[in-house]
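The basis for the numbers below is simple: all heavy atoms, side chains too, and nothing from hydrogens, waters or symmetry mates. First the proteins, then the strands, lettered A, B, ... as listed; each starts at 1.
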Number of protein chains: 2
Amino acid sequence: MRRDLDELIKGKSVALRFSEDNLPDEQAQYLIPLEDFFQFGLSVDCIVFGFDGQDLKVLLIKRGVAPYKSYWALPGDLVYPHEDLDAAAQRVLENLTGISEVFMQQIKSFGKVDRHPLGRVLTVAYNALIRVENYEPRAAFWADNVRWHTLSELGELAFDHHEILAKGVEKLKARVRNQPLGFELLPVNFTLNQLQKLYEAVLGQTLDKRNFRKKILGMNFLVKLDAKQTKDTRRPAQLYTFDRLRYDELTHRGFNFEL
Amino acid sequence: MRRDLDELIKGKSVALRFSEDNLPDEQAQYLIPLEDFFQFGLSVDCIVFGFDGQDLKVLLIKRGVAPYKSYWALPGDLVYPHEDLDAAAQRVLENLTGISEVFMQQIKSFGKVDRHPLGRVLTVAYNALIRVENYEPRAAFWADNVRWHTLSELGELAFDHHEILAKGVEKLKARVRNQPLGFELLPVNFTLNQLQKLYEAVLGQTLDKRNFRKKILGMNFLVKLDAKQTKDTRRPAQLYTFDRLRYDELTHRGFNFEL
DNA sequence: ATAATGGGTGTATTTTTTACACTTATTACT
DNA sequence: AGTAATAAGTGTAAAAAATACACCCATTAT
């Protein structure tokens, strides 16, 4: 196919004038050989993290189409030609899983020549953090199935998604050391033990309960609620919520949240 | 031009078989509409940092071609269709400035629809750190001029390069807090005062001399040399060099280099 | 009533960070 | 040859942060 396209655009150049933009006149014309230019496919892949109270999970879809049909893969697809990158990430995730309006951050781009069997496709990976309670992932479009996976129980993934996922996890770990986590992954109201479990899951190490509380509470971005947890627990646990304003203020000052 | 290309590939799809790859047989065929696929241009932009002993500098080229002819810009150009991304960054930098074999890290991709006046071009930005002494940048290809610029003295840049540069500086600052800097930016042998000046330039704050030395020396990746600095200074300064092995060992253990 | 379970609390010790001022080796000048 | 000027170099005490550590509490299930 690469060759088909090459054939199609070979030798063709386009001379352009841009009347509408603000370039000086003599610069507004530019001759460009098509074959140098529009040679690339562009996709986005979303690494969707969730927390079930115990383990850090990642959302994968089972591909219903070739290539890599019936392999588990990160939710991802081609970007539309007239769509911004960040918007594409949101759209693709919604199309494939039904999850919308999600906190997302660009992680890295992957551009090996042969990473996609159909041609030269660059993919931009995004980390997404979601509250599992808020979303019921449902397979759509060409996804056969959608499911949360524990990081330690992954089989072979489609394309180079294993490498991409590893990078996403690495970035998440780096992030948790510099800014508070939980806004996005925990329920709006949560207990300190839930928060600690989350940190332990992400960092992959246990933390001292008293020291953790001292530190977190000392950062002053948690608000103690009147309510307590009423669930099946034994002693009811104090509920907290994040003080977004206070947090933004702190991050703006370059505050360090390292545990 | 967008329209010209649209015209060219409109309605065309390609059915493919991949005999050479390792996909199961029934997945090896895939029908793909061309207009969804090869719609994107891909470029790399290099943010080249250097240190002159006083200020942090960035290497810019003066564009000799439209668009943005005679604007200062980050060295960057289109990626070849059969070229890996990281390789492209090295090649582009060498083509435009003569600088080769450089330490580079991918920073971020920029993909706004309108960021390039000629069409949809995604760019992947790289941070490069170089020893100014080792390279004599010379303009080549379509570069009219190449020059080191101080960060505080920048005019308007081509494309969205101002945004890209800002991101690169931000990442450099974040990096200097987690791993030692200087391997790439300082001469092989250097004095502690040079190293301190570098840290101060990157972090944008002054540091206490005694505390800085205590900290840096305590990390044990500096080797005291027999030589002293013979230059025009007053009292001759002790020269040091980096112990690369020791440093790699530390980074591998997740050591924290924060000042 | 009681056993079981996860929730909650404080202090002493060690380590790290910070603040701070004078002496030394050289060059340039007279 | 003496002296002024300049950047290099050095240690300690006080404050802050990190760590280690063990028991009581409020509820549910039996």
Side-chain angles (χ1 to χ4, degrees), chain A residues 51-55 176-178 180 182 186-187 189-201 203 205-241 250 253-259, chain B residues 52-54 176-178 180 182 186-187 189-201 203 205-241 250 253-259:
Chain A
F51 182 63
D52 65 358
Q54 209 59 42
D55 294 306
V176 78
R177 297 199 163 274
N178 281 315
L186 287 179
N189 302 335
F190 54 88
T191 69
L192 289 182
N193 287 294
Q194 287 176 297
L195 186 61
Q196 183 176 345
K197 285 242 173 68
L198 169 61
Y199 270 81
E200 290 177 336
L203 294 174
Q205 62 181 261
T206 59
L207 301 169
D208 179 89
K209 186 162 43 161
R210 280 178 288 196
N211 294 338
F212 177 81
R213 282 160 185 250
K214 201 190 309 175
K215 190 93 192 225
I216 287 284
L217 257 16
M219 290 174 183
N220 281 325
F221 55 77
L222 292 188
V223 184
K224 189 188 275 196
L225 300 173
D226 286 336
K228 302 215 168 192
Q229 195 180 46
T230 54
K231 282 206 305 189
D232 63 341
T233 170
R234 314 302 161 149
R235 176 176 174 174
Q238 178 64 53
L239 285 170
Y240 289 83
T241 194
L250 288 173
R253 285 197 223 147
F255 192 79
N256 190 341
F257 296 91
E258 186 152 350
L259 292 177
Chain B
D52 65 358
Q54 209 59 42
V176 80
R177 296 199 163 276
N178 280 315
L186 286 180
N189 302 335
F190 53 88
T191 70
L192 289 181
N193 286 295
Q194 287 177 299
L195 185 62
Q196 181 176 347
K197 285 241 174 69
L198 170 60
Y199 270 81
E200 290 177 337
L203 294 174
Q205 62 181 265
T206 60
L207 302 168
D208 180 88
K209 185 163 42 159
R210 280 179 287 195
N211 294 338
F212 177 82
R213 283 162 183 247
K214 201 189 312 172
K215 191 95 192 223
I216 286 283
L217 256 17
M219 291 174 183
N220 281 324
F221 54 78
L222 292 188
V223 183
K224 189 188 276 195
L225 300 173
D226 285 337
K228 302 216 166 192
Q229 196 180 47
T230 55
K231 282 207 305 191
D232 64 340
T233 170
R234 313 303 160 153
R235 177 175 174 176
Q238 177 64 52
L239 285 171
Y240 290 83
T241 193
L250 289 172
R253 287 197 222 147
F255 192 79
N256 191 340
F257 296 91
E258 186 151 350
L259 293 177

Protein-nucleic acid N or O pairs under 3.5 Å, nucleotides 4-6 of chain D:
none

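Comparing A:Lys228 and A:Lys214 by the nucleotide of DNA chain C whose heavy atom lies nearest to each, the residue mapping closer to the 5' end is A:Lys228.
Listed candidates were D:dT10, C:dG8, D:dA22. Nearest to the side chain of A:Arg210 is D:dA22.
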Candidate pair A:Leu217 and A:Leu192, rule side-chain contact (heavy atoms from CB on, under 4.5 Å), full reasoning: CA-CA 9 Å; A:Leu217 257 16; A:Leu192 289 182; 4.0 Å; yes
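Two residues are said to be in side-chain contact when any heavy atoms from C-beta on lie closer than 4.5 Å; B:Phe190 and B:Leu222 meet this criterion. Considering only heavy atoms from C-beta on, A:Lys197 comes within 4.5 Å of A:Phe51 through its side chain.
Rounding to whole angstrom units, CG of residue A:Leu217 and C1' of C:dG7 are separated by 14 Å. Summarising the geometry, the separation between CG on B:Leu207 and P on C:dT18 is reported as 10 Å, rounded to the nearest angstrom. Taking atom CZ on B:Phe212 and atom P on D:dG11, their separation rounds to 18 Å, with Å as the unit. For the pair A:Asp208 CG and C:dA12 P, the interatomic distance rounds to 17 Å; values are reported in whole Å.
Here the closest non-hydrogen pair linking B:Ile216 and B:Leu195 is CG2-CD2, 4.0 Å. Residues B:Leu207 and B:Gln196 approach most closely at O-NE2, 2.9 Å, considering heavy atoms.
A:Asp55 is linked by a salt bridge (charged side-chain N to carboxylate O under 4.0 Å, His left out) to nothing, counting only residues two or more places apart in sequence or in another chain.
Residue side chain A:Asn211 reaches the base of D:dA20 through a donor-acceptor N/O pair under 3.5 Å, judged by distance alone.
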